[in-house]
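FYI, side chains are in, hydrogens and waters are out, and symmetry mates aren't considered; it's all heavy atoms of this structure. Reminder, nothing fancy here: chain letters follow the sequence lines and each chain counts from 1. Everything numeric in this text was worked out from a predicted model, so none of it was measured.
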Protein chains: 2
Amino acid sequence: MNIGAAAEHSGLPAKTIRYYEDIGLLRASRATNGYRDYSTDDLHRLKFLQRARSLGFTVEECRQLLSLYADKDRDSADVKAIASNKLDEIDKKIAQLQSLRAVLSHLVANCHGNDRPDCPIIDDLAGEAH
Amino acid sequence: MNIGAAAEHSGLPAKTIRYYEDIGLLRASRATNGYRDYSTDDLHRLKFLQRARSLGFTVEECRQLLSLYADKDRDSADVKAIASNKLDEIDKKIAQLQSLRAVLSHLVANCHGNDRPDCPIIDDLAGEAH
DNA sequence: GCTTGAACTTCCAGTTACTAGAACCTTTAT
DNA sequence: ATAAAGGTTCTAGTAACTGGAAGTTCAAGC
């Protein structure tokens, strides 16, 4: 299967698939014409990558997950550790964004948003506490 | 004032200040020895940048905000527009992360995390719906 | 006056995960 | 035969820094 079809089936752009090959995430065999040729197993790996990435795992984490995926004797604890870590990171990120949101929404709510120059948002950025 | 002191007062690393100069966010005058020399106004701008960045504004947004900061005849509506936009982005990001979090925490909760190989996290990534 | 170390200078490379585009080759359809 | 579609490689650009190298300049101590 050519890269275009593999892209379609996996939901990853062809460019991205080539990139993943570049960084050694997976290698496809080549047909006689030099085109990449994807097997059913390759397709599974591509879909696996697509799902893992969309869940927020980094490419390096995907590399680990792929190798755990390939290892039929893995400990589920190893997988869980990676996922739990990611969960913690997501929680931290959410908390951070929520605190940003609170500050920013307070500022926005207090700005008249008219054609006059006085603006509590600018004042706050300038360090002029009200 | 030298860049080291400016860094200390603004809370921005010296490297970052030089970078901001590189991309034209602000320019400092030079002393006779070639060292950058920061005025009180420069310091205000640096602190302004530090606050705006920590609120999640991109460098390009900071550029706009800085120019509105400098413009005493600005319309507060222009500032509010940028901030409201950012608020929307933050909201979208939070929603996205929360939905990720839901999926991931479900997977983590269902994985035994022991020394056995069966793992619902891997199964899900592999597309094997339970 | 000399030396040492900190702080300054510039410039280049690396980070993350792609994405755009150029130049070229192969396949498929008309 | 030719044109469009899809494949190939390679380079460079994105965001916002950060690290490090190689080379001044300054301040302090002897």
Between [X] and [N], does any side-chain N or O lie under 4.0 Å from OP1 or OP2?
| X | N | result |
| --- | --- | --- |
| B/N33 | D/dC26 | yes |
| A/R36 | D/dG7 | no |
| A/R30 | D/dT9 | yes |
| A/T16 | C/dT19 | yes |

- Message: Consider side chain to side chain contact (heavy atoms under 4.5 Å, CB included). Of B/L25, B/L26, B/T40, which one does B/R45 pass it with?
- Response: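 Only match with B/R45 under side chain to side chain contact (heavy atoms under 4.5 Å, CB included): B/L26.
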
- Item | CD (B/E8) with more than 12 external heavy atoms under 6.0 Å |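 Counting neighbours around CD of B/E8, 12 or fewer heavy atoms of other residues, nucleotides or ligands fall under 6.0 Å, so no.
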
Heavy-atom count around A/R27 CZ within 6.0 Å, excluding the residue itself: above 12?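 Not buried by this count: 12 neighbours or fewer within 6.0 Å.
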
*Quick one: pull up OH in A/Y20 and OG in A/S10 and give me the separation to the nearest 0.5 Å.*
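Output value for this atom pair is 9.5 Å.
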
So which nucleotide from [options] ends up closest to the side chain of [X]?
| X | options | answer |
| --- | --- | --- |
| B/Y20 | D/dC17, C/dT26, D/dT18 | D/dC17 |
| A/N2 | C/dT19, D/dG7, C/dT9 | D/dG7 |
| B/V59 | C/dT27, C/dC18, D/dC17 | D/dC17 |
| A/Y19 | D/dT18, C/dT19, D/dT8 | C/dT19 |
| B/R18 | C/dT10, D/dC17, D/dT8 | C/dT10 |
| B/K15 | D/dT18, D/dG7, C/dA17 | D/dT18 |

If I take atom [atom1] in residue [X] and atom [atom2] in nucleotide [N], what distance separates them, rounded to the nearest angstrom?
| X | N | atom1 | atom2 | result |
| --- | --- | --- | --- | --- |
| B/E21 | C/dC11 | CD | P | 12 Å |
| B/I3 | D/dT18 | CD1 | P | 13 Å |
| B/D22 | D/dT18 | CG | C1' | 13 Å |
| A/I17 | C/dA17 | CD1 | P | 17 Å |
| B/D37 | D/dT25 | CG | P | 17 Å |
| A/E61 | C/dT16 | CD | P | 11 Å |
| A/R53 | C/dT19 | CZ | P | 10 Å |
| A/K93 | C/dT16 | NZ | C1' | 13 Å |

| query | Starting at the 5' end of DNA chain D, which residue's closest nucleotide do you reach first, B/Y35 or B/T58? | reply |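 Result of the comparison: B/T58.
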
Check whether B/S76 reaches the backbone of A/H112 with its side chain - one donor and one acceptor, N or O, closer than 3.5 Å.
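Answer holds: no.
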
